[in-house]
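Scroll down for the structure; my scribbles are underneath it.
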Amino acid sequence: MRKIINISAVSLILVFLGLVFYGAHGYFDAVSDSEELEARADSLLAADLGASSLGEERYRQLSMVQDPAFEQHSGVDMTSPGAGVTTITQSLAKRVGFENFTPGIGKIRQTGYALGLEHELDKEQILVLWLATLEMGRGPDGWVTGFHKMSETMYGAPPGAIAADEYLSLLAVLIAPGRYNLGTDDQALRERTERIRRLLAGECVPDSNSDVWLEGCNS
């Protein structure tokens, strides 16, 4: 019996060390990729595609919906209501650090990569890369990638210049871009947009950290 317990303990330790190594591998991959990512981010910032292009209020709205503690955390946030298990930094890590992301075990490396991004890049650079790589759903001519690109495609102007309800609809599709259809009479999109409006107006709060669908704002 003791031998079995010892073998089990050793096995658990090896699994734990394997997970730590896998996460560390992601961290150092991000460090290795950081020079290229910094250059890409700075180019996007020079083109005015970062947070400043949204304006202070719309940047605040984006953060409240997607990652309330973005400015404070170091890549991971498991406590903020409505934040879910994926921060903006982890979301970016998924797109720039993987050729094919596999849910489950991939989350370990994704988190390590996110921590590496936070160490090597500043928040402004992380955000502009995230905005540029966001999957935004279907436009008139097919699938669209990029927050600003979808705004220009659907509304003919950058996100800082479109109407308030149009901006909220852009925020609404981020959670599931394949589920919603901008520019159509999409009841599900209207309901999601209304929940976001209520959240931003202070009329409701998410039920918990995992309430990314804003059930706490379901009128």
Side-chain angles (χ1 to χ4, degrees), residues 50-95 103 107 110-111 114 118 123-124 126-128 130-139 144 146-151 153-155 157-219:
S52 62
S53 69
L54 305 179
E56 185 175 343
E57 176 59 16
R58 290 192 173 182
Y59 171 58
R60 182 191 70 83
Q61 293 173 343
L62 174 71
S63 298
M64 280 188 67
V65 174
Q66 289 299 126
D67 191 349
F70 175 64
E71 293 288 347
Q72 290 77 44
H73 66 61
S74 298
V76 179
D77 178 15
M78 301 296 290
T79 60
S80 297
V85 296
T86 303
T87 63
I88 283 175
T89 315
Q90 287 172 303
S91 176
L92 174 62
K94 179 179 177 180
R95 288 192 295 279
K107 190 72 176 180
Q110 178 192 25
T111 299
E118 289 278 351
K123 292 290 187 179
E124 190 175 27
I126 290 170
L127 186 76
V128 74
W130 179 73
L131 289 170
T133 58
L134 280 172
E135 300 295 336
M136 296 298 301
R138 291 177 293 275
V144 177
F147 193 74
H148 286 75
K149 185 175 180 180
M150 181 59 103
S151 181
T153 297
M154 296 304 301
Y155 305 121
I162 60 178
D165 61 333
E166 293 171 339
Y167 184 73
L168 294 188
S169 69
L170 287 180
L171 298 185
V173 303
L174 295 180
I175 192 170
R179 177 173 179 173
Y180 301 116
N181 293 295
L182 286 167
T184 67
D185 185 23
D186 187 337
Q187 177 63 28
L189 178 59
R190 289 201 304 272
E191 291 175 358
R192 172 71 178 169
T193 302
E194 175 59 18
R195 292 186 186 192
I196 290 174
R197 185 201 65 75
R198 295 189 66 226
L199 172 71
L200 299 176
E203 298 174 7
C204 62
V205 294
D207 289 334
S208 64
N209 170 263
S210 62
D211 186 17
V212 294
W213 291 98
L214 300 180
E215 293 299 330
C217 295
N218 186 13
S219 56

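What you see is a predicted model; the values in this text were computed from it and never measured.
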Legend entry - Polar side-chain atom of Thr86 near backbone of Ser91 as donor-acceptor pair, under 3.5 Å: no

Inset, instruction - Identify the heavy atoms of Leu189 and Ala172 that sit nearest to each other, and give their distance. - result: CD1-CB, 3.6 Å

Legend entry - Pairwise side-chain contact, Tyr167 with Leu62, heavy-atom cut-off 4.5 Å (strictly under): yes

Legend entry - Spacing of Glu118 atom CD and Gln90 atom CD [to the nearest 0.5 Å]: 9.5 Å

Inset, instruction - Indicate the atoms forming the closest heavy-atom contact of Gly50 with Ser53, along with that distance. - result: O-OG, 2.6 Å

Inset, instruction - Report the distance from atom CG of Leu182 to atom CG of Asp186, rounding to the nearest 0.5 Å. - result: 8.5 Å

Legend entry - Distance (rounded to the nearest 0.5 Å) between Leu92 CG and Leu131 CG: 10.0 Å

Inset, instruction - Answer yes or no: is there a donor N or O on one side and an acceptor on the other, between the side chain of Asp211 and the main chain of Gly216, under 3.5 Å? - result: yes

Inset, instruction - With rounding to the nearest 0.5 Å, note down the distance linking CD in Gln61 to CZ in Arg197. - result: 11.5 Å

Inset, instruction - Might you work through the side chain to side chain contact (heavy atoms under 4.5 Å, CB included) test for Leu170 and Ile162, ending with a clear yes or no? - result: CA-CA 10 Å; Leu170 287 180; Ile162 60 178; 3.7 Å; yes

Legend entry - Whether over 12 other heavy atoms sit under 6.0 Å from Glu71 CD: yes

Inset, instruction - Might you point out which heavy atoms bring Trp213 and Arg195 nearest each other, and give the distance in Å? - result: O-NH1, 2.9 Å

Legend entry - Minimum-distance pair of heavy atoms, taken over all atoms of Pro159 and His148: CD-CD2, 3.4 Å

Inset, instruction - May I ask you to test the Leu214-Arg198 pair for a side-chain heavy-atom distance under 4.5 Å? - result: no

Inset, instruction - Could you check Leu54, Thr133, Val173 and say which one makes a side-chain contact (heavy atoms from CB on, under 4.5 Å) with Phe147? - result: Leu54

Inset, instruction - Using a 4.5 Å cut-off on heavy atoms from C-beta on, say whether the side chain of Val65 contacts that of Leu200. - result: yes

Legend entry - Main-chain N/O of Ser80 paired with Asn209 side-chain donor or acceptor, under 3.5 Å: yes

Legend entry - Leu134 and Arg95, any side-chain heavy atoms less than 4.5 Å apart: yes

Legend entry - Test: Arg192 cationic atom under 6.0 Å from Tyr180 six-membered ring centre, within 45° of axis: no

Legend entry - Test log, rule side chain to side chain contact (heavy atoms under 4.5 Å, CB included), inputs Asn218 and Glu215: CA-CA 5 Å; Asn218 186 13; Glu215 293 299 330; 4.0 Å; yes

Inset, instruction - Any chance you could lay out the side chain to side chain contact (heavy atoms under 4.5 Å, CB included) test for Met136 and Leu174, step after step, and finish with the verdict? - result: CA-CA 6 Å; Met136 296 298 301; Leu174 295 180; 3.3 Å; yes

Inset, instruction - For Ile126 and Ile88, work out which heavy atoms get closest and say how close. - result: CG2-CG2, 4.4 Å

Legend entry - Any donor-acceptor N or O pair under 3.5 Å, side chains Ser169, Tyr155: yes

Legend entry - Nearest-0.5 Å distance that lies between atom CG in Leu168 and atom CZ in Arg190: 14.5 Å

Inset, instruction - Specify the closest pair of heavy atoms between Ser151 and Ala157, including all atoms of both residues, with the distance to one decimal. - result: OG-O, 2.6 Å

Legend entry - Other residues, nucleotides, ligands: >12 heavy atoms within 6.0 Å of Glu57 CD: yes

Legend entry - From Asp67 atom CG to Gln72 atom CD, the distance as rounded to the nearest 0.5 Å: 9.0 Å

Inset, instruction - Side-chain contact test, heavy atoms from C-beta onward, threshold under 4.5 Å: evaluate it for Lys123 versus Leu127 and give yes or no. - result: no

Inset, instruction - Measure the shortest side-chain to side-chain distance between Leu199 and Pro206 over non-hydrogen atoms and say whether it is less than 4.5 angstrom. - result: yes

Inset, instruction - Decide yes or no on side chain to side chain contact (heavy atoms under 4.5 Å, CB included) for Glu166 and Met154, but give the supporting numbers first. - result: CA-CA 9 Å; Glu166 293 171 339; Met154 296 304 301; over 6 Å; no

